[in-house]
Protein chains: 2
Amino acid sequence: VAVIDLGSNSWRLVVFTFVPGNWWKRTDELYETVRIGEGLESSGRLSDEAMRRGLETLGVFARFCAANGLGPDRVHAIATSAIRDAANGEEFARAARAATGLRVEILSAEDEARYGYIAAVNTSTLVDGVVLELGGGSMQLIAVANRRATQLCSFPIGAVRLTEHFLPGEGPAKKKELERARSYIRGSLGAVSWLTGSGDRLVGIGGAVRNLAAAAQRASEQIDIGVQGFVITPDALANLIGTLTSLPVAERGEVPGIKPGRGDIILAAALAIEAVLELGGFDGIEVTEAGLREGIFLARELLADGTPLFDNVREAAVRNLAIQYESDMAHVEHVARLSLQMFDSLVEGGLFEPKPGERELLWAASMLHDVGMTISYDDHHKHSRYLIVSAELPGFDPRERALIAQISRYHRKGAPKLGEIAALAREGDEDLLDRCSVILRLAEHLERGRDQSVRQARLRANGKGVDLHLDASGDLTLPQWSVERYGDSEVFERVFGRRLLIG
Amino acid sequence: VAVIDLGSNSWRLVVFTFVPGNWWKRTDELYETVRIGEGLESSGRLSDEAMRRGLETLGVFARFCAANGLGPDRVHAIATSAIRDAANGEEFARAARAATGLRVEILSAEDEARYGYIAAVNTSTLVDGVVLELGGGSMQLIAVANRRATQLCSFPIGAVRLTEHFLPGEGPAKKKELERARSYIRGSLGAVSWLTGSGDRLVGIGGAVRNLAAAAQRASEQIDIGVQGFVITPDALANLIGTLTSLPVAERGEVPGIKPGRGDIILAAALAIEAVLELGGFDGIEVTEAGLREGIFLARELLADGTPLFDNVREAAVRNLAIQYESDMAHVEHVARLSLQMFDSLVEGGLFEPKPGERELLWAASMLHDVGMTISYDDHHKHSRYLIVSAELPGFDPRERALIAQISRYHRKGAPKLGEIAALAREGDEDLLDRCSVILRLAEHLERGRDQSVRQARLRANGKGVDLHLDASGDLTLPQWSVERYGDSEVFERVFGRRLLIG
């Protein structure tokens, strides 16, 4: 299906390919900077020139849909703030229908906020807090309690609109301009009583949020791992605002992470987010790559049959990725089972103290360790790392994604090293990587025949060693050979301080 | 199917997954250093200890086959030199059958050479020349004329055998030892009258050849692109022999590129290859990753129905890779068609002089440009590059593979750069990359609807510009928008020195 998002600034057609209940991914995209809202602030109407650009672009999108066999029932064309607020928005929608055959649906501010919320709670682990959606025309804030939206508000402080009003110059921003913009934003948001004390988590969506996250990420880390789950702290945002303010508009798009086409509105976007962080007293804003388009797709297609919420966002993300690459799900599910059995038995036996979230990272890496086989058997551990680092894996932050990738990288051999991901790591992550890699390696070798014949595996202290207890339905020749030959008992001993005793 | 290769030094089980006439790949592998030939030189028999190790390993392999549902008709267990030459080789095969149920087939020296030849001519562009196969026990040389094997010879100068005879020490090799080894090798090979004047190409297979290539490659280049198609020159080999000779045996496995388990026999292997290069007056030895196992698989499974030769090795390799990743073959085939039409029309119009092989590289990149979509739509051009660099793509050498990858990397946007692959490039490759990237980009945008509606595209000089002539079955809105919006006319003008004129 295609979702067309007719925003105030840019228009985008995104194709989603999916098997309901199984997997989904974005598979194509068209983009055009239409600026349909240009001049809207002063006239209250879409200009003739903007409408002409809009119809031309929609004509191209319609051709694309026809060429790709996407009939009207498989295209969602959604207009938001600019077209909604323009006096002649309905007129434009009619003209679009007549010229291209596409039915343009003008979303209410409330529905726009709702689809943003659906995108955010399905691609983050937000349970209680706030979702911020920043577009060209408006900003939506949605209060979330127990994963349900409780309040939806829309404010006319979109990045294009703020820019036209308060930051129209070409040079570095003036102090006066910033003051007036900030005071206007604060005034608009002042009415939201629930923003303070709404919980400590804020999840942000929209292109401007993603660009600011990319800029903050580039400034702090080396590895190219994407912004999914990245947190922009108030300090990082203040630094970015300082940089952007000092630059003429034409150079703001050259700040690493900011897209050239967004350079002119990015400062206004940053100011709007700054105000929300301050008013709500948030520790930062977590970024998700998903947005309105994903919200529409999830609510109307993938999850159309019930409550549009994944039961467990992380599990859904890991399974979605695994299914796209993995030809043997029974194998990886079983490796995950064996890994967790050994992990739990070591923890129960007091052989180590896990870090928060460690068990879930081990599970995710166990599910994903073999995805690199898609590329080639040789070096598939390295390919798995590449594929995991390249995936969004919503629900996990960059550090967690990097650790899952690195555990998978070391599921076969070698002494685990943080390497390139060291800049993302926290204290103790080196030990976590060691432990999870060694456990996953053992599980993989116990399941070397890919036939689930080793049903249970537990590790129990025995004197100065650790016994490997197996419950198996078949012959143990292959798993024992595999563990002895490749299980790397030296690494095990270094990591757990005890010898591994087999059989 | 599984192919088990019971070599003199190492034993390996390789699983091939395939759809006949469509695609194939290696999907699993078990490896054990068995050294079945240990002591064979002095006694003429497999030792009891070696037989015990062999039966144990075969037991593990048999369990693996059973666990993976590979019945006897889908397992080819092949014994070569050591077991063939031992007085008790048949006895071992019978014991193996009794203990594990696996039927071990003892290949004649001639058949061994033949399967090596089949692997080599199906993974290189060799038409006339020689194939060298180096194992632990023996070396096979096969004369090839018009892709057919005309002579097959086997010599008892395998790397394990030579090592036991002439280089038994642990320290650096002594001059005397080297002299005696060289003179023995030359004596053995002296009988081959056809080696001189057999054409100027030599293709080598076997683990030792691969390791020597990896070592030579590490010494000369930066990018990790695999040894498929790499050429070891006589000079590079002489340097390696110098290095290896000066090191004690235990340190030879630490030379980058040499596997630790092969350190003790690698010098003997290098000496054997050196002699062939000298006697035949070859410019170097081209390496292929394929070997006996692939030969067995190709001859007995994938190509079992006719002459076991791909019609065109490069085309087969590109298609094999494309089919594994590409969900829309009609699209990439058509992009390739449009690319070549534009390429040919530019050449015919005298607008540039192509480099040798340039057209074929453009074709390959056109077929493979979208493989990265498997990973994600975003950055799929970068993912395509990664996947192509990670593939063997037999028939192309490292420089060619790097260029195909880099052309694909730049099929969407940006100014093409050699970047990391500069170390592999020849003079003029920067221009080749520019030209092919720009042409592929145009073809991709002309086929943006993925519906093959633009049937033909040609570029013809018109004054100071170049006209794009299209023959299309449908509306041109989408291709024209796509070319104008993304076709990067600035890059076109820089590369071809003329403006691109559309419509």
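Side-chain atoms are counted along with the backbone in the values below, which use heavy atoms only and exclude waters and symmetry mates. Throughout, protein chains are lettered first and strands after them, A, B, ... in sequence-line order, and every chain is numbered starting at 1. This structure is a prediction, so every number in the text was calculated from the model and none was measured.
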Enquirer: What residue, out of A:S390, A:S376, A:A391, has the most heavy-atom pairs lying under 4.5 Å from chain B?
Expert: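 Heavy-atom pair counts peak at A:S390.
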Enquirer: What part of B:Y31 gets within 4.5 angstrom of chain A, counting heavy atoms only: side chain, backbone, both, or neither?
Expert: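 Backbone plus side chain of B:Y31, per the 4.5 Å heavy-atom cut-off to chain A.
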Enquirer: Pick from A:I375, A:L321, A:D451: which one has the most heavy-atom pairs with chain B under 4.5 Å?
Expert: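 Maximum pair count with chain B is reached by A:I375.
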Enquirer: Test the A:R385-B:Y386 pair against the cation-pi criterion, namely NZ or CZ under 6.0 angstrom from the six-membered ring centroid and within 45° of the ring axis.
Expert: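 Verdict for B:Y386: no cation-pi partner in A:R385.
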Enquirer: Which atom pair, heavy atoms only, marks the closest approach of B:R455 to B:H334?
Expert: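 So the two residues come closest at O-CE1, 3.9 Å.
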Enquirer: Please determine, among A:L30, A:D28, A:T27, A:N68, the option with the most heavy-atom pairs under 4.5 Å with chain B.
Expert: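 With the most close heavy-atom pairs to chain B, the winner is A:D28.
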Enquirer: Which one of B:W24, B:F297, B:W23 satisfies the ring-ring contact (aromatic ring centres under 6.0 Å, His included) criterion with B:F18?
Expert: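 So the option named by the test is B:F297.
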Enquirer: Among A:V371, A:D378, A:V15, who wins on heavy-atom pairs under 4.5 Å with chain B?
Expert: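 The residue among A:V371, A:D378, A:V15 with the greatest pair count is A:D378.
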Enquirer: With a 4.5 Å heavy-atom cut-off, do B:E444 and B:H331 have their side chains touching?
Expert: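 Yes. Closest side-chain heavy atoms under 4.5 Å.
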Enquirer: Heavy-atom cut-off 4.5 Å, strictly under: side chain, backbone, both or neither for B:D379 against chain A?
Expert: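 No part of it gets close to chain A.
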Enquirer: When you compare the side chains of B:S408 and B:S384, does any donor N or O come within less than 3.5 Å of an acceptor on the partner?
Expert: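 Checked: B:S408/B:S384 side chains show no N/O donor-acceptor pair below 3.5 Å.
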Enquirer: Within the structure provided, determine whether A:R409 and A:I388 are in side-chain contact (heavy-atom separation under 4.5 Å).
Expert: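 A:R409 vs A:I388: side chains apart.
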Enquirer: Under 4.5 Å heavy-atom distance to chain B, tell me which part of A:L387 shows up: side chain, backbone, both or neither.
Expert: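 A:L387 touches chain B through side-chain heavy atoms alone.
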Enquirer: Check whether B:R485 gets within reach of chain A through its side chain, its backbone, both or neither, counting any heavy atom under 4.5 Å.
Expert: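 Side chain only.
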Enquirer: Is chain A contacted by the side chain of B:T374, its backbone, both, or neither, given a heavy-atom distance below 4.5 Å?
Expert: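 Answer is both: backbone and side chain atoms of B:T374 are under 4.5 Å from chain A.
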Enquirer: Restricting to non-hydrogen atoms, name the atom on A:H411 and the atom on A:H369 that form the minimum distance, rounded to 0.1 Å.
Expert: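 That closest heavy-atom pairing would be CE1-O, 3.3 Å.
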Enquirer: Please classify the contact of A:E32 with chain B as side chain, backbone, both or neither, using a heavy-atom distance under 4.5 Å.
Expert: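 For A:E32, heavy atoms of backbone and side chain both lie under 4.5 Å from chain B.
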Enquirer: Give, as side chain, backbone, both or neither, the part of B:Q452 having an atom under 4.5 angstrom from any heavy atom of chain A.
Expert: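 Interface part for B:Q452: neither.
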Enquirer: Which one, A:M373, A:K25, A:E29, leads in non-hydrogen pairs under 4.5 Å with chain B?
Expert: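 Maximum pair count with chain B is reached by A:E29.
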Enquirer: To the nearest 0.5 angstrom, please state how far the CG atom of B:L478 sits from the CZ atom of A:F61.
Expert: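 Going from the CG atom of B:L478 to the CZ atom of A:F61 covers 10.0 Å.
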Enquirer: Between B:H383 and chain A, which part of the residue has a heavy atom less than 4.5 Å away: side chain, backbone, both or neither?
Expert: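 Answer is both: backbone and side chain atoms of B:H383 are under 4.5 Å from chain A.
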Enquirer: Pick whichever of B:R448, B:Q324, B:R26 has the most heavy-atom pairs under 4.5 Å with chain A.
Expert: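 Among the listed options, the one with the most contacts to chain A is B:R448.
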Enquirer: Measure the spacing between CG of A:L302 and CG of A:N22 and express it to the nearest 0.5 Å.
Expert: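 It comes to 9.5 Å.
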